[in-house]
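Computation of the quantities below employed the complete heavy-atom set of this structure, encompassing side-chain atoms and omitting hydrogens, waters and symmetry-equivalent molecules. Keep in mind the model is a prediction, meaning the values are calculated, not measured.
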Amino acid sequence: MRAALPSNEQQDDNAFYHSRDRNRVTARRGRCPDRKTRRFQGKSDPIDAIQAAKTAMAETRTGIPKHREGQVEALRNLRAARRSAVEQRADTQRQIKALIVTAADTLRERLRGLTVAKLIAVCAGMRPDTTDAATPVTATKIALRSLARRHQQLSVEIGELDALLGPLVVATNPRLAAANGVGPDVAGQLLVTAGQNHDRIGSEAAFAMLCGVAPIPASSGKTTRHRLNRGGDRQANAVLYRVVLCRLRWDPRTRAYTERRTREGLSKKEIIRCLKRYIARELYQLITTNDLQLSS
């Protein structure tokens, strides 16, 4: 039995455990030790290695790691670049609006009330005198122009990545991308969450737990209820939430279900939790049956 020592980059992230057979090495993925164990034993590389070996031998809190190959891995890499660009563009937009708040009155009145697209175009087209950068008004214009052009460049980058991601998602799983309320962004995230070897997820209940939509018992006394799951892959949970919002607006079956459950006394939060669980079950079937249909 051998356990890989966690690197500094992994720290509290999942560690990989390996059980050696005569002719093969099977990889197992396990979570970091719980807080109670770490509180009593401390943390160091040898302690973590011993704990990893014990966990692998007992086969508790372990799983099969994702394969880092195939179209799903390509999706993950492209989505990582796109997510970073989207976050940077949003941050740039916030910086532009913060500069406008503290800008001179004449400049602030000129830019206030513009839409985001118009604001970016106006700021990017400014031509301040760079030789007068010591003046606050000129420096503000230079900063706004720089941020606006950065915003435009990031928008172009996001568009280029979207042009690559859309066809790749459809080619990987066309039925998932065509599902009601599911587009390339939602389908891409769910495919990345499941992994190329999605057979590692044994059931739709395990997939729901992975996405953080499995119901968590919160009963007490004569009250029987479930609460929202705050664990799992939060990005997968977010895309399932967007599917629920889309279907609440456009899907007659979902609207009828919402009306029925409302009459039964459930709150909107509880209804959305139930809908996310049902949608995870439906989309899991589309993810796992895709390989069989492509092969046939």
For this session: Find out whether Arg79 and Leu165 are in side-chain contact, i.e. whether some heavy atom of one side chain is under 4.5 Å from a heavy atom of the other.
Result: yes
Exercise. What is the distance from atom CG of Leu99 to atom OG1 of Thr102, rounded to the nearest 0.5 Å?
Worked result: 5.5 Å
Exercise. Within the distance-only criterion (no hydrogens, no angle test), does the side chain of Asn173 pair as donor or acceptor with the backbone N or O of Val169 below 3.5 angstrom?
Worked result: no
Problem set entry | Student check: side-chain heavy atoms of Leu190 and Phe207 closer than 4.5 Å | yes
Problem set entry | Hphob cluster co-occupancy, Val116 + Val122, side-chain heavy atoms under 4.5 angstrom | yes
Exercise. In Å and rounded to the nearest 0.5 Å, what is the CG to OG1 distance from Asp251 to Thr258?
Worked result: 9.5 Å
For this session: Under the salt bridge (charged side-chain N to carboxylate O under 4.0 Å, His left out) rule, what do Glu204 and Arg277 come out as? Steps first, then yes or no, please.
Result: CA-CA 10 Å; Glu204 53 90 14; Arg277 179 65 180 87; 2.8 Å; yes
Exercise. So, for Cys274 and Arg261, which heavy atoms are closest and what is the spacing to 0.1 Å?
Worked result: SG-NH2, 4.0 Å
Exercise. Tell me, do Arg108 and Val101 make a side-chain contact under 4.5 Å, heavy atoms counted?
Worked result: no
Please table the atom pairs, donor to acceptor, closer than 3.5 Å between any side-chain atom in residues 133-143 and protein atoms at least two apart or in another chain.
residue	atom	partner	partner atom	Å
Thr135	OG1	Asp132	OD1	2.7
Thr135	OG1	Asp132	OD2	3.0
Thr138	OG1	Asp132	OD2	3.4
Thr140	OG1	Pro136	O	2.8

Problem set entry | Single-linkage hydrophobic cluster, 4.5 Å side-chain cutoff, Val170 and Leu78 together | no
Exercise. Got a second to check how far Asn180's CG is from Thr254's OG1, nearest 0.5 Å?
Worked result: 7.0 Å
Exercise. Under 4.5 Å between any side-chain heavy atoms of Lys118 and Thr115, yes or no?
Worked result: yes
Exercise. Rounded to the nearest 0.5 Å, how far apart are CD of Gln71 and OG1 of Thr172?
Worked result: 3.5 Å
Exercise. Is the closest basic N to carboxylate O distance between Arg247 and Glu282 below 4.0 Å?
Worked result: yes
Exercise. So which heavy atom on Ala236 is nearest to which on Cys211, and how close?
Worked result: CB-SG, 3.9 Å
Problem set entry | Connected via hydrophobic side-chain network under 4.5 Å: Met209 and Ile287 | no
For this session: Look only at the side chain of Tyr284 and the backbone of Ile201, and say whether a donor-acceptor pair between them is shorter than 3.5 Å.
Result: yes
Exercise. For Arg234, does the CZ atom have more than 12 heavy-atom neighbours from other residues, nucleotides or ligands under 6.0 Å away?
Worked result: yes
For this session: Could you walk me through whether Arg242 and Leu245 pass the side chain to side chain contact (heavy atoms under 4.5 Å, CB included) test, one step at a time?
Result: CA-CA 5 Å; Arg242 293 204 296 269; Leu245 294 183; 5.5 Å; no
Exercise. Closest approach of Ala187 and Ala177, non-hydrogen atoms and distance?
Worked result: CB-CA, 4.1 Å
Exercise. Considering only heavy atoms from C-beta outward, does the side chain of Ile100 approach that of Ile96 to under 4.5 Å?
Worked result: yes
For this session: State, to 0.1 Å, how close Ala81 and Leu161 come at their nearest heavy-atom pair, and which atoms those are.
Result: C-CD1, 3.8 Å
Problem set entry | Donor on one side chain, acceptor on other, Asp185 and Gln189, under 3.5 Å | no
Problem set entry | Check against side chain to side chain contact (heavy atoms under 4.5 Å, CB included), Val186 and Leu240 | CA-CA 8 Å; Val186 173; Leu240 289 176; 5.8 Å; no
For this session: Check Lys66 against Asn197 and note the closest heavy-atom contact, atom names and distance.
Result: CA-OD1, 3.5 Å
For this session: For the residue pair Glu160 and Leu164, establish whether any side-chain heavy-atom pair is separated by less than 4.5 Å.
Result: no
Exercise. Should we count OH of Tyr257 as having more than 12 external heavy atoms under 6.0 Å?
Worked result: yes
Exercise. Looking just at side-chain N and O atoms, do Gln88 and Thr92 make a donor-acceptor pair shorter than 3.5 Å?
Worked result: no
Problem set entry | Reported CD-to-CD1 distance for the pair Glu264 and Ile271, which is rounded to 0.5 angstrom | 8.5 Å
Exercise. Does a donor on one side chain sit under 3.5 Å from an acceptor on the other, for Asn237 and Lys276?
Worked result: yes
Please output the side-chain donor-acceptor pairs of residues 145-158 that fall under 3.5 Å, not counting sequence neighbours, one pair per line with the distance.
residue	atom	partner	partner atom	Å
Arg149	NE	Ala124	O	3.4
Ser155	OG	Arg89	NH1	3.3
Ser155	OG	His151	O	2.9

Problem set entry | Shared hydrophobic cluster for Leu114 and Leu144 (ILVMFWY, side-chain gaps under 4.5 Å) | yes
Problem set entry | Which atom of Pro167 lies closest to which atom of Asp162, heavy atoms considered | CD-O, 4.4 Å
Can you list, pair by pair, the side-chain donor-acceptor contacts under 3.5 Å of residues 212-219, counting residues two or more places apart and other chains?
residue	atom	partner	partner atom	Å
Ser219	OG	Arg225	N	3.2
Ser219	OG	Arg225	O	3.3

Exercise. Mind checking whether Val182 and Leu286 have side chains closer than 4.5 Å, heavy atoms only?
Worked result: no
Seminar exercise, completed: Rounded to the nearest 0.5 angstrom, the CZ-CG distance for Arg253 and Leu275 is 11.0 Å
Exercise. Are Val243 and Leu210 linked, directly or through other ILVMFWY residues, by side chains that come within less than 4.5 angstrom of each other?
Worked result: yes
For this session: Side-chain contact test, heavy atoms from C-beta onward, threshold under 4.5 Å: evaluate it for Gln196 versus Leu75 and give yes or no.
Result: no
Exercise. Hey, mind stepping through Arg76 and Val72 against side chain to side chain contact (heavy atoms under 4.5 Å, CB included) and telling me if it holds?
Worked result: CA-CA 6 Å; Arg76 187 186 70 84; Val72 175; 5.8 Å; no
Exercise. Can we say Glu270 and Arg273 salt-bridge, meaning some charged N sits less than 4.0 Å from an Asp/Glu carboxylate O?
Worked result: no
For this session: Taking Arg200 for its side chain and Ala194 for its backbone only, find out whether a donor-acceptor pair lies under 3.5 Å.
Result: yes
Exercise. Within a radius of less than 6.0 Å around CZ of Arg255, do more than 12 heavy atoms belonging to other residues, nucleotides or ligands occur?
Worked result: no
